[in-house]
Amino acid sequence: MLQIEPVSLPTVSQAKELIYEGFLDYFPSIDESLNPDLHHILQTYEGAGSLFLIGKIGEELVCTGAFLRETADTARICRMSVAHRYRKNGYAKQMVHTLETQIKALKYKRIVIETTKEWTKPIRLYESLGYTIVDRDGEEVHFEKVL
């Protein structure tokens, strides 16, 4: 059974590794300079209105998800990733639902998400969870859900 909890000092490097492994599904290499928040996960996501969660089965980290305060009324979900061998088990949906619960508790009125336009699986996931596409720019698809 998936246990979702906040990232901690003992799990932060595993979380970062899991996210980078997911990037390799889409990119031939990783430019770590493009993801400065991953160098300081605990500091980036400890601020008021932000949270970084991990999902574990037993002691194994299997997924991540986070949100940041974008404005007083808007949270941005980010850093969604599921380990390869655990995909297609509903863990991404569980993570989004848990993030949404936390976001609602903080009284946000809107959630936004973006993903790369070629990433069809995340696009389908967000649409299945009631997120609406509000923009497609050159590289990204932008979603929102009004709470």
Minimum side-chain heavy-atom gap [X]-[Y] below 4.5 Å:
| X | Y | result |
| --- | --- | --- |
| Leu2 | Tyr86 | no |
| Arg85 | Glu60 | yes |
| Ser81 | Glu21 | no |
| Ser50 | Thr44 | no |

Shortest non-hydrogen contact from [X] toward [Y]:
| X | Y | value |
| --- | --- | --- |
| Gly55 | Met95 | N-CE, 3.8 Å |
| Tyr26 | Pro122 | OH-CD, 3.8 Å |
| Ile54 | Pro6 | CG1-O, 4.3 Å |

Gap between atom [atom2] of [Y] and atom [atom1] of [X] - 0.5 Å precision:
| X | Y | atom1 | atom2 | value |
| --- | --- | --- | --- | --- |
| Asp37 | Lys16 | CG | NZ | 10.0 Å |
| His97 | Thr101 | NE2 | OG1 | 8.5 Å |
| Arg76 | Glu144 | CZ | CD | 11.0 Å |
| Ile113 | Ile133 | CD1 | CD1 | 11.5 Å |
| Lys145 | Glu100 | NZ | CD | 3.5 Å |
| Arg79 | Leu68 | CZ | CG | 9.0 Å |

| Geometric class of the Tyr131/Tyr126 ring pair [parallel <30°, tilted 30-60°, perpendicular >60°] | perpendicular

- Hey, what's the ring geometry for Phe52 with Tyr45, parallel, tilted or perpendicular (30° and 60° as the breaks)? perpendicular

Notebook entry, point to check: Just wondering, more than 12 heavy atoms not from Glu118 lying within 6.0 Å of its CD?
Noted result: yes

Would you confirm whether [X], through its side chain, and [Y], through its main-chain N or O, come within 3.5 Å as a donor-acceptor pair?
| X | Y | result |
| --- | --- | --- |
| Arg110 | Asp73 | no |
| Thr116 | Trp119 | no |
| Thr64 | Ala15 | no |
| His39 | Glu32 | yes |

Tell me whether [Y] is reachable from [X] by hopping between hydrophobic residues (I, L, V, M, F, W, Y) whose side-chain heavy atoms are closer than 4.5 Å.
| X | Y | answer |
| --- | --- | --- |
| Ile111 | Leu51 | yes |
| Val134 | Tyr108 | no |
| Leu129 | Val146 | no |
| Val82 | Phe27 | no |
| Ile57 | Leu61 | no |

Q: Begin with the C-alpha distance, continue with both residues' side-chain angles, and end with the deciding distance and a verdict on side-chain contact (heavy atoms from CB on, under 4.5 Å) for Met80 and Leu99.
A: CA-CA 10 Å; Met80 291 290 302; Leu99 291 168; 3.9 Å; yes

- Query: Is a salt bridge present between Lys121 and Asp25, judged by a nitrogen-to-oxygen distance below 4.0 Å?
  - Reply: no

Exactly one candidate in Ile123, Thr132, Asp135, Ile77 meets side-chain contact (heavy atoms from CB on, under 4.5 Å) with Phe143; the answer is Ile123

